[in-house]
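One structure is given below, encoded as structure tokens.
All values reported here derive from a predicted model rather than from experimental measurement.
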Amino acid sequence: MSDHLPIRRALLSVSDKSGLVDFARALASRGVELISTGGTAASLRDAGLKVTGISDVTGFPEIMDGRVKTLHPAVHGALLALRDDPAHMAALRTHGFTPIDLVCVNLYPFQKTIARPGVTRDEAIEQIDIGGPAMIRSASKNFESVTVLTSPADYASVAEELTQTGGTSLATRSRLAASAFEHTARYDAAIAAYLAQAAPAHDATHNLFPPVLDLHFVKADELRYGENPHQPAALYRTPGRSIEGTLPGAEQLHGKELSYNNIADGSSALALVQALARSFDGAAAAVIKHNNPCGASARARSAAEAIEAAIAGDPIAAFGGILAVSVPIDEPAAEAIAAQGRFFEVLIAPGYSTAALARLQARSANLRILATAITPPAALESSSLEYKAIPGGLLAQRRDDKLSTRATIEHRAGPAADDRTIDTALFLEIVTRALLSNAVSIGAVEPSGTLRLLGAGAGQMDRLTSCRIAAEKAGAGARGAVACSDAFFPFADGPTILADAGVRAIVHPGGSKRDQDTFDLCQARGITCLTTGIRHFRH
């Protein structure tokens with residue numbers, strides 16, 4: 001069999017009609033017979049192309065509102081017949097079937113449909129394609145003889161190859177078949193996930209954690225390297241739903257390409273300011289370094305004020321960090337970012353004034369400036385699982401999206417908490433949740449009303465050391481401030497360090513068999529002690 005096979009008959013049936021007419025014209029110009037269905041056939045005829053209707057091929061009308069039209073031996077026999085098998089070719093002749101050499105199919109927009117707010121179950125079910133995947137699989141199985149296209153991005157290269165060689169090569173057909181199977185696999189996985197979530201649960205976690213977990217992502221970019229130069233890396237995005245309000249969906253306005261670490265830290269920064277913006281009015285900002293917030297602020301009166309408060313949390317660590325801001329960047333904010341002695345790898349905000357963007361671009365050719373929505377789409381927020389790869393498997397868990405409220409925080413010792421203390425406690429819980437455990441943070445309310453992080457200890461093997469680091473980072477600012485821990489204190493030694501630093505309130509989940517030791521310490525030292533009942537480990 002020749003490597004380059006000519007195309008004599010092509011079946012085109014697509015939902016996404018991008019580039020279809022030009023591709024069909026390229027086929028027709030080479031004498032290829034065009035076979036088509038429903039709306040695709042109408043589009044081609046409207047463009048002046050001669051089209052053979054699928055019913056003329058099958059001898060059977062399209063029925064059930066188009067649910068049944070290509071599921072016929074005249075189609076699948078024409079696709080699956082092995083061209084070098086005399087028995088197969090004889091079977092085609094016996095039944096009056098003619099081989100189909102090219103299939104151009106993309107599927108009903110199921111994923112786009114279910115991402116639409118308010119979509120009904122019946123609407124979703126009607127977008128489950130049956131004939132399309134069947135044709136794709138038949139053509140792909142027989143890739144030695146049949147060319148299959150599922151993406152408009154491949155039209156131009158195939159048309160060019162036909163012009164240059166008169167056919168498609170085995171390498172091209174093999175590559176396109178692999179892409180086609182990937183296409184149907186992603187499609188089927190999206191349907192399976194949707195139906196599993198919609199089905200009645202056998203138990204509390206059955207729908208959340210299905211027996212077989214199929215994850216499909218689309219490669220968005222190959223990165224220069226991973227965490228270190230010797231590690232290859234790539235960025236994948238979630239298919240079939242809006243990624244607005246995420247790092248993969250952000251628009252880069254300036255600077256060098258994003259690195260693996262930029263994306264990981266930037267995603268953490270964006271998630272933190274999104275959480276702060278949901279909980280507090282005004283402007284919020286966060287500075288992330290090595291996936292930990294070294295500065296954070298909320299309820300500021302302006303972007304500039306939020307930025308200054310966030311940087312003040314740890315000016316040394318902020319150098320070379322990732323800065324995310326919940327409100328658009330204006331000129332005063334740009335001046336704060338571009339001030340002498342300050343340097344950021346990435347800047348993330350919902351927008352930039354013309355003057356602010358010009359100032360930042362002039363400040364550094366390398367600063368990566370990103371624009372993205374601060375509120376993620378509902379479809380993203382409803383995606384409640386997160387994953388961690390381990391050798392030999394994968395861990396899955398529900399996202400840590402639970403936070404305390406004024407009604408759920410309990411007063412356990414010391415003076416009653418005033419509004420400023422409760423506000424600071426709620427703010428610090430959000431920040432501490434973003435720190436690697438063991439985590440302890442110290443924060444306060446500025447006279448202006450801005451909430452800000454003063455110091456944090458994170459990622460330590462013991463909570464005592466985290467307390468020491470947080471107190472050291474906060475310095476004199478710890479006096480009269482509030483401290484927050486991501487988990488209970490196993491002993492009163494950590495709270496003693498915080499008390500000696502001068503904090504006036506300590507917030508923690510509680511749950512230790514020695515909680516009373518911490519309560520007694522706070523009572524004796526005149527420190528307010530609050531418990532949340534919610535642990536926030538992040539490993």
Side-chain angles (χ1 to χ4, degrees), residues 9-20 23 35-41 43 54-55 57-58 60 62-81 97 99-115 119 121-155 158 173-199 210 212-218 238-241:
R9 296 179 89 217
L11 195 162
L12 297 87
S13 180
V14 297
S15 292
D16 178 3
K17 296 178 176 57
S18 304
L20 174 69
F23 182 58
I35 307 166
S36 193
T37 63
T40 306
S43 295
I54 194 68
S55 296
V57 174
T58 63
F60 202 87
E62 297 184 24
I63 62 173
M64 301 176 185
D65 300 320
R67 277 192 168 201
V68 179
K69 50 192 173 188
T70 60
L71 298 171
H72 194 281
V75 174
H76 290 276
L79 292 173
L80 285 166
F97 300 157
I100 295 174
D101 307 307
L102 181 145
V103 167
C104 178
V105 173
N106 53 60
L107 307 176
Y108 295 169
F110 178 82
Q111 292 154 300
K112 183 178 179 180
T113 299
I114 62 173
V119 66
R121 180 182 170 86
D122 287 345
E123 289 173 324
I125 296 300
E126 280 307 308
Q127 293 304 316
I128 297 177
D129 202 329
I130 303 300
M135 287 190 292
I136 289 172
R137 293 177 66 83
S138 291
S140 298
K141 178 176 181 176
N142 201 19
F143 68 88
E144 289 194 352
S145 300
V146 181
T147 304
V148 56
L149 296 96
T150 56
S151 171
D154 292 316
Y155 295 172
V158 170
R173 297 192 298 276
S174 177
R175 173 181 62 82
L176 292 173
S179 295
F181 277 121
E182 289 173 2
H183 185 65
T184 57
R186 290 195 302 271
Y187 193 77
D188 288 342
I191 295 169
Y194 174 81
L195 293 178
Q197 290 173 357
V212 177
L213 180 65
D214 289 314
L215 301 178
H216 294 272
F217 296 84
V218 177
T238 306
R241 65 172 52 162

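H72 and F97 have perpendicular rings, their planes meeting at more than 60° on a 0 to 90° scale where under 30° would count as parallel.
Between F23 atom CZ and K17 atom NZ the span is 15.5 Å, to the nearest 0.5 Å. In this structure, L80 CG and S138 OG are separated by 4.0 Å, a value rounded to the nearest 0.5 Å.
For the residue pair I35 and R9, the shortest heavy atom distance occurs at CD1-NH2, 3.4 Å. Here the shortest heavy-atom pairing between T37 and S13 reads OG1-OG, 2.7 Å. Among all heavy-atom pairs drawn from A180 and I136, the shortest one is CB-CG2, 3.6 Å. What you find for F181 and S140 is that their closest heavy atoms are CE1-CB, 3.3 Å. The two atoms that bring E144 and R173 nearest to each other are O-NH2, 3.1 Å, heavy atoms only. Between C104 and V14, the shortest heavy-atom distance links the atoms O-CG1, 3.6 Å.
Looking at heavy atoms from C-beta onward, S18 lies out of side-chain contact with Y155 at the 4.5 angstrom threshold. Inter-residue side-chain proximity for I54 and L11 is flagged as met; some heavy-atom pair is nearer than 4.5 Å. You'll find the side chain of L107 reaches within 4.5 Å of the side chain of H183, heavy atoms only. In this structure the side chain of D101 never reaches within 4.5 angstrom of the side chain of T147, judged on heavy atoms.
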Check against side chain to side chain contact (heavy atoms under 4.5 Å, CB included), L149 and L102: CA-CA 8 Å; L149 296 96; L102 181 145; 3.7 Å; yes

Test log, rule side chain to side chain contact (heavy atoms under 4.5 Å, CB included), inputs F217 and R186: CA-CA 8 Å; F217 296 84; R186 290 195 302 271; over 6 Å; no

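Proximity of a side-chain donor or acceptor of N106 to a complementary backbone N or O of S151 within less than 3.5 Å is not detected.
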